[in-house]
Amino acid sequence: LKSSEFQAIDRGIECLWKEPRSDGSSQYSREVHRLFLASLSEEDRKLLQASEGLGNSQKAEVAWLERKGFAYTERDVSAWLA
């Protein structure tokens with residue numbers, strides 16, 4: 001059973017575009033994800049966001065770059081897929 005607050009949000013986003021883009025996300029899925037993150041406590045949100053994105057291998061590579069003092073620029077692959 002959905003809460004009345006959730007039902008209101010659901011009705012508000014049902015008109016968003018659901019067709020996936022080249023990165024596999026849609027306007028609808030991104031908004032659902034944003035609302036989900038907003039519903040979490042700050043501590044839970046930070047924990048979840050820290051576990052997203054880079055895999056363990058990439059995290060180790062970034063840690064190595066930082067340890068060695070090399071500069072790098074964060075990029076999201078979706079910038080090249082759009």
Side-chain angles (χ1 to χ4, degrees):
L1 184 64
K2 294 180 181 179
S3 71
S4 58
E5 182 181 359
F6 184 82
Q7 289 174 358
I9 291 170
D10 196 32
R11 283 192 299 275
I13 65 172
E14 68 184 13
C15 63
L16 295 177
W17 191 255
K18 294 179 181 162
E19 200 62 36
R21 299 182 326 169
S22 57
D23 67 358
S25 71
S26 67
Q27 186 182 26
Y28 178 84
S29 68
R30 289 188 307 280
E31 182 63 6
V32 167
H33 185 69
R34 187 193 69 76
L35 291 169
F36 169 71
L37 289 177
S39 74
L40 299 175
S41 69
E42 183 176 351
E43 181 181 354
D44 288 343
R45 185 172 44 256
K46 285 181 179 180
L47 177 66
L48 182 62
Q49 288 174 325
S51 66
E52 291 180 339
L54 299 177
N56 288 333
S57 176
Q58 290 91 357
K59 288 178 185 176
E61 292 166 350
V62 168
W64 184 86
L65 290 171
E66 290 176 346
R67 181 183 226 180
K68 296 293 186 177
F70 291 111
Y72 63 91
T73 303
E74 292 182 35
R75 298 281 186 227
D76 190 312
V77 69
S78 64
W80 287 282
L81 298 175

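- The two residues Leu37 and Arg45 come nearest to each other via the heavy atoms O-NH1, 3.1 Å.
- Taken to the nearest 0.5 Å, the CD atom of Glu14 stands 8.5 Å off from the OH atom of Tyr28.
- Under the side chain to side chain contact (heavy atoms under 4.5 Å, CB included) criterion, Gln27 pairs with Leu16, Trp17, Arg30, sequence neighbours left out.
- The number of heavy-atom neighbours closer than 6.0 Å to CD of Gln58, taken from other residues, nucleotides and ligands shown, is above 12.
- Atom-to-atom distance recorded for Ser39:OG and Arg34:CZ is 10.5 Å, nearest 0.5 angstrom.
- Judged as a side-chain hydrogen bond (donor to acceptor under 3.5 Å, both in side chains), and not counting sequence neighbours, the contacts of Glu42 are Lys46.
- Atom NE2 of His33 is separated from atom OG of Ser29 by 9.5 Å, given to the nearest 0.5 angstrom.
- Looking only at distances, no side-chain donor or acceptor of Arg21 sits under 3.5 Å from a matching main-chain atom of Ser26.
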